[in-house]
There are 2 protein chains.
Amino acid sequence: MPIERYLTIGELSRRSGVAPSGLRYYESLGLIGSQRTSGNQRRYDRTTLRRVAFVRTASRVGLTLDQIAEALATLPEARTPTAEDWTRLSRSWRPLLDARIAAIERLRDQLDSCIGCGCLSLERCMLQNPADNAAALGPGARYLEGDSPADAAQAAIQAG
Amino acid sequence: MPIERYLTIGELSRRSGVAPSGLRYYESLGLIGSQRTSGNQRRYDRTTLRRVAFVRTASRVGLTLDQIAEALATLPEARTPTAEDWTRLSRSWRPLLDARIAAIERLRDQLDSCIGCGCLSLERCMLQNPADNAAALGPGARYLEGDSPADAAQAAIQAG
DNA sequence: CCTTGACTTCAAGTGAGGTTGAACTTACAC
DNA sequence: GTGTAAGTTCAACCTCACTTGAAGTCAAGG
């Protein structure tokens, strides 16, 4: 048997880019697991790094942590997940991303035509699809939808 | 003089699709204003409808209410904003939407190539763009990962 | 006048995804 | 054997954009 190198929470944090507090939070949600030393400190299996990477990426894609937990629950318990397993899960994200792109494009085009029409009933244009808001963003994706609005918004405001 | 028809909060709510509580909230942030009756009830100028429409749309586009307040501050105070004024502001949103679309497309393509490559270092693929990662997160998390983007980048490089 | 519905304020709650602080313990190098 | 970096738990706090509830007031029809 090769020596199994366990990671401390600090090591896992540095390698995954997730703060220790975040890792504990993930554990509290059952997204990752850990062993404990005799002194009650967490030690992580190296496969946990991949698991954390999956969680972060799924989160970026716009899934809630609950949804990610559900997805992880479909992994086989009996063995270490293979690349195949991870791929299967990630593949399902594509339609989600496509849908989000489509929603933003719709919004953009709506905006374009409103700006182009020169009408004096701007509110009619602007409000014509008020329910789309939540629908366009998907579950809990209010903030996730925007990739880096901070920078772009700043530029946009200054450009105006 | 034509009769100036003022709107109650309920009327403005129905016409704008924003709940009364939301309108009060907007007012507390200075996004809209109101007159008061002798009995302390709000009465809204009809132009407020347009203002609310602007706020909702800007919000949909992804601006924070603070940013929207900033944008509104650039409107002329001396006169009622014209269609031109609103158009100028809305036009600035386009680059923002384009940027968001581009960001999601980047993420999607990254994902595609990761899925396609069949590598066993899924975490290398997944973590390869940690700066985007932070940007894609909510405001709370944005800080924290933004605190040390260098660390996250370092982690990504070392990961694998 | 009375009822009813719409309005008022203010504090607190929601939810997502965490972070922060206090008080304490472990791990490890010297 | 000691100093200190890194770990532990738990509750409380953070943002953002609101909503909800409590307790009370106003407006308008009959």
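Below, chain A is the first sequence line, B the second, and so on; all start at residue 1.
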Practice problem: Apply side-chain contact (heavy atoms from CB on, under 4.5 Å) to B:Leu75 and B:Trp86, showing your working. | Solution: CA-CA 9 Å; B:Leu75 287 174; B:Trp86 295 120; 3.6 Å; yes
Nearest-Å distance, [atom1] ([X]) to [atom2] ([N])?
X	N	atom1	atom2	answer
B:Leu12	C:dA6	CG	C1'	14 Å
B:Arg24	C:dT9	CZ	P	7 Å
B:Ile9	D:dC18	CD1	C1'	13 Å
A:Gln41	D:dG7	CD	C1'	4 Å
B:Glu27	C:dC7	CD	P	13 Å
B:Tyr25	D:dT15	OH	P	11 Å
A:Asn40	D:dC10	CG	P	10 Å
A:Leu7	D:dG7	CG	P	11 Å

Practice problem: Nearest-nucleotide wise, let me know which of A:Ser38 and B:Gly10 is further upstream toward the 5' end of DNA chain C. | Solution: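 Here B:Gly10 is the residue nearer the 5' end.
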Exercise. Select from A:Tyr26 and A:Arg43 the residue whose nearest nucleotide in DNA chain C is closer to the 5' end of that strand.
Key: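 Counting from the 5' end, the first nearest nucleotide belongs to A:Tyr26.
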For [N], take OP1 and OP2 only and decide whether either is under 4.0 Å from a side-chain N or O of [X].
X	N	value
A:Thr8	D:dG7	yes
A:Arg60	C:dG17	no
A:Arg36	D:dT9	yes

Practice problem: Kindly indicate whether the side chain of B:Glu27, heavy atoms from C-beta on, has any atom under 4.5 Å from the side chain of B:Arg24. | Solution: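 The answer is no; the side chains never approach within 4.5 Å.
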Quiz prompt | Evaluation steps, salt bridge (Lys or Arg N to Asp or Glu O under 4.0 Å), between A:Asp85 and A:Arg79 | solution = CA-CA 11 Å; A:Asp85 288 322; A:Arg79 56 175 171 77; 2.7 Å; yes
Quiz item: Heavy atoms under 4.0 Å, any strand shown: does A:Arg42 hit a base, just sugar-phosphate, or nothing?
Solution: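 Sugar-phosphate contact only - A:Arg42 comes under 4.0 Å of backbone atoms but never of a base.
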Quiz prompt | Sugar-phosphate only, base, or nothing, as touched by B:Thr37 at under 4.0 Å among non-hydrogen atoms | solution = sugar-phosphate
Exercise. Mind listing the closest non-hydrogen atom pair of A:Tyr6 and A:Arg43 along with its distance?
Key: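 Closest approach of A:Tyr6 to A:Arg43: CB-CB, 4.0 Å.
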Self-check item: Over all atoms of both residues, closest heavy-atom pair of A:Ser16 and A:Val52
Solution: CB-CG1, 3.6 Å
